[in-house]
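Structure first, commentary second.
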Protein chains: 2
Amino acid sequence: MTDETQTPPKRPLTLRDVSEASGVSEMTVSRVLRNRGDVSDATRERVLEAAKELGYVPNKIAGALASQRVNLVAVIIPSLGNMVFPRVMTNISEALDQTPLQPVVGVTNYLPEREEKVLYEMLSWRPSGVIIAGLEHSDASKAMLRGAGIPVVEIMDTDGTPIDSVVGISHRRAGRMMAEAIAKAGYKRIGFLGTKLSLDHRARKRFEGFTEALAKAGLEIADQEFYEGGSSLQKGREMTEAILKRTPDLDFLYYSNDIIGAGGLLYCSDHGIDVPNKVGLAGFNDISMLKGFSKRLATMDSGRGEIGTKAAEIIAARVEAGDEGMTEGKGVRIELTPTIDFGDTLRKRPSEAAYPE
Amino acid sequence: MTDETQTPPKRPLTLRDVSEASGVSEMTVSRVLRNRGDVSDATRERVLEAAKELGYVPNKIAGALASQRVNLVAVIIPSLGNMVFPRVMTNISEALDQTPLQPVVGVTNYLPEREEKVLYEMLSWRPSGVIIAGLEHSDASKAMLRGAGIPVVEIMDTDGTPIDSVVGISHRRAGRMMAEAIAKAGYKRIGFLGTKLSLDHRARKRFEGFTEALAKAGLEIADQEFYEGGSSLQKGREMTEAILKRTPDLDFLYYSNDIIGAGGLLYCSDHGIDVPNKVGLAGFNDISMLKGFSKRLATMDSGRGEIGTKAAEIIAARVEAGDEGMTEGKGVRIELTPTIDFGDTLRKRPSEAAYPE
DNA sequence: GGGGCCGATGTTAGCGATGACAGGCTTTGC
DNA sequence: GCAAAGCCTGTCATCGCTAACATCGGCCCC
């Protein structure tokens, strides 16, 4: 009886099955399926039909092994819960869509040992490039990245020494800029609210830049409040309440991200606190989802969209050039400039004179 | 520690390099690195040292081809911007952490043709299982899923016929439940605000269930407002303004998700609209990040955390059982019960009698 | 003391694709 | 009319690793 192939797939299909079904060699089938080399229209059609008929899906594992080419780009980020990273991912995907490359995500949860593990796993698939958040990695991770012989782009942060290429902003500078704006606006009693800084290096650097620039203006942090775990409006609200109860004379609150900052804003509205005159507020990251509050929270754009795009482009260019390694001065360095958005919660000048809205 | 490891990687390392460095056969090295079979402690140690010294990272491509085992689970979701999906992902990752399996994400942007492409790409890596959002797929996608010979779990939605296993809630039922609560609370003039429903099947089903149950209560949708693109508070705010200007006598607004619902809530607060008495509000999905508003938006928990965990467990169990196919009645069906959270924006009974809080 | 067995290692043959090259069969140019 | 130059297709070796089996000394036990 003829093998009418509606049969449930006992054994996964291979090129051979298609080649037999269409009466040509495996090689020809392979050529058709990859659109490579010359194949007559007649056979091409016959092969395609057979492949579709059988429902053949090529085995990239075998393909990659044979061709020594794996069109994957490892993207390693700390978290998916942070909104910033999905955004970066989206841009990376879009940029890579123009190329044969494809992103694969790995999540580290801000833990160096997890980063190491994830990196190892990813590298064992021999990707064509790596995009990884941050400049701080364990020695083992650094060694792996260097040894992989593929382009590496570290993203988000530029305060440090990159392994290869880097695209990001200086978080120290971002912190300084915000501090300068705050000092210039005449705020004096400044509170900081953020994550426990130990593992979030970028938040830490912003904090450092922030205190440094405050110091230069003759100011210092009057109180601070830390939290662990994911960000939420609720947490911002609670922390704001706590810090204001403890230190009622604070006149500015700097949050390490927009989510908790927005929570603080809600707290202030609910309690009739005059923002930005009694208390000023600022966050970080320009989470567009949050636009829509009655007052726009002052924040800073970290250029995360562009970061993703640029990083992907660097990888794509290097892979296309066949120059997969990171010889000589191939490393690109792109430092974007963060821009401050005063919103409605950060005055532009001292409040002595009242500026009606 | 000799720093001879500075060797610039000319040619990627293979098992052979390690085997030569440690003076045993490749096979033995392979055994050591996989912890399989008996190897004497002496050689094990020698091999491990050599591997570390060289910075060897095994090639999973070759390993997978040889062993016919790829410990990846394809997870296909519509978007990373939606918060719901990162949450599901997180739970899947956690559940798979107990196993040798690893998730790999693909994003479809709610487009069937992209879903098809992403699925094809993923299947060509021969994963051990597939977790895919929704029950609606193109014929080609369905054929691929059926033909892949691996366990498939469709998640989020149970209204329809699964290919294999399914874990989720009935969105029709969720819509009905909300409609019943609204009707019971005595709201009469109901508005709906949501995405253009064409491609978001789950939102569509909620809408259908919602109108159906309203009809049963003798009510109908008085007005509706649709949007495209990502959700944001701003969008919720604008849509709310639009619908209320057009149909000022609406006394309830049902939003297709919490983000735009929260935007509506902000609009109402700002305009002194008495919620929930003049107008009631409800969203969907219980986005915990949004807790912290002065009023808690009524919403519904879709059990997305549990969905991820259960889906991963189903795959893991099937893979472990070596029963990778989906023969007979292997398909598991888990329908979770959505729970309604009245928050502060949905009355529990008609407002004739005033119930002080 | 020799058969049996076991632990430790090596040998061989693929896994399913692709690269390089080797042909047949047509065309083309002069 | 015949060599050179295509097209189109096939053969063969290989990618780096692992399954399965083969091998080789002990060690145990009757």
Side-chain angles (χ1 to χ4, degrees), chain A residues 9 11-48 50-51 54 56-72 100 121 123-128 148-149 322, chain B residues 9 11-48 50-51 54 56-71 100 120-121 123-128 148-149 322:
Chain A
R11 180 185 39 79
L13 296 164
T14 74
L15 268 191
R16 153 150 272 109
D17 295 299
V18 183
S19 95
E20 277 168 7
S22 52
V24 296
S25 74
E26 299 177 39
M27 196 60 231
T28 303
V29 177
S30 170
R31 281 194 268 254
V32 170
L33 263 29
R34 287 179 300 151
N35 256 320
R36 203 176 294 267
D38 310 293
V39 181
S40 74
D41 291 343
T43 33
R44 152 166 289 110
E45 208 155 311
R46 206 141 39 90
V47 168
L48 284 177
L54 295 172
Y56 173 70
V57 178
N59 185 331
K60 284 207 179 162
I61 306 255
L65 182 61
S67 67
Q68 302 286 358
R69 256 181 282 107
V70 183
N71 286 327
L72 296 177
E121 293 283 333
L123 289 181
S124 72
W125 291 103
R126 300 286 187 271
S128 299
Chain B
R11 184 185 36 79
L13 296 164
T14 73
L15 267 192
R16 156 151 268 109
D17 296 300
V18 183
S19 94
E20 280 168 5
S22 54
V24 297
S25 73
E26 300 178 40
M27 196 59 232
T28 303
V29 177
S30 170
R31 280 194 268 254
V32 170
L33 264 30
R34 286 179 302 150
N35 257 320
R36 204 174 295 270
D38 309 295
V39 182
S40 73
D41 290 343
T43 32
R44 151 167 291 111
E45 209 156 309
R46 205 141 40 88
V47 168
L48 284 177
L54 294 171
Y56 173 70
V57 178
N59 186 330
K60 284 208 177 161
I61 306 258
L65 182 60
S67 68
Q68 304 282 32
R69 256 181 281 107
V70 184
N71 285 328
Y120 186 82
E121 293 282 333
L123 289 182
S124 72
W125 290 103
R126 300 285 188 271
S128 300

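Numbers restart at 1 for each chain; the letters A, B, ... are given by sequence-line order, proteins then strands.
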Residues which pass side-chain contact (heavy atoms from CB on, under 4.5 Å) with [X], listed by chain and number, not counting sequence neighbours:
{"X": "B:Ser25", "result": "B:Met27, B:Thr28"}
{"X": "B:Leu65", "result": "A:Ile61, A:Ala62, A:Leu65"}
{"X": "B:Ala21", "result": "B:Ala50, B:Leu54"}

Nearest-Å distance, CZ (A:Arg36) to P (D:dC8)?
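These atoms are roughly 17 Å apart.
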
Test of understanding: with salt bridge (charged side-chain N to carboxylate O under 4.0 Å, His left out), list the residues that count as partners of B:Glu45, not counting sequence neighbours.
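Scan of B:Glu45 (salt bridge (charged side-chain N to carboxylate O under 4.0 Å, His left out), adjacent residues dropped) gives none.
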
What residues, two or more places apart in sequence or in another chain, satisfy salt bridge (charged side-chain N to carboxylate O under 4.0 Å, His left out) together with A:Arg34?
none

What pairs of nitrogen or oxygen atoms, one from the protein and one from nucleotides 21-25 of chain D, lie under 3.5 Å apart?
none

Quick check: closest heavy atoms across A:Arg126 and A:Val70, and the distance to 0.1 Å?
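So the two residues come closest at O-CB, 3.2 Å.
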
Could you list the residues that satisfy side-chain hydrogen bond (donor to acceptor under 3.5 Å, both in side chains) with [X], not counting sequence neighbours?
{"X": "B:Glu121", "value": "A:Lys60"}
{"X": "A:Ser124", "value": "none"}
{"X": "B:Ser22", "value": "none"}
{"X": "B:Ser40", "value": "B:Thr43"}

On the nucleotide D:dG10, are OP1 or OP2 found under 4.0 Å from the side-chain N or O atoms that A:Thr28 carries?
yes

Would you say a side-chain N or O of B:Arg69 is under 4.0 Å from OP1 or OP2 of D:dA19?
yes

Heavy atoms under 4.0 Å is the rule here; annotate nucleotides 12-17 of chain D 5' to 3' with B where the base is hit, S where only the sugar-phosphate is, and - elsewhere.
---BBB

For nucleotides 4-7 of chain D, list the nitrogen or oxygen atoms of the protein found under 3.5 Å from its nitrogen or oxygen atoms, one pair per line.
none

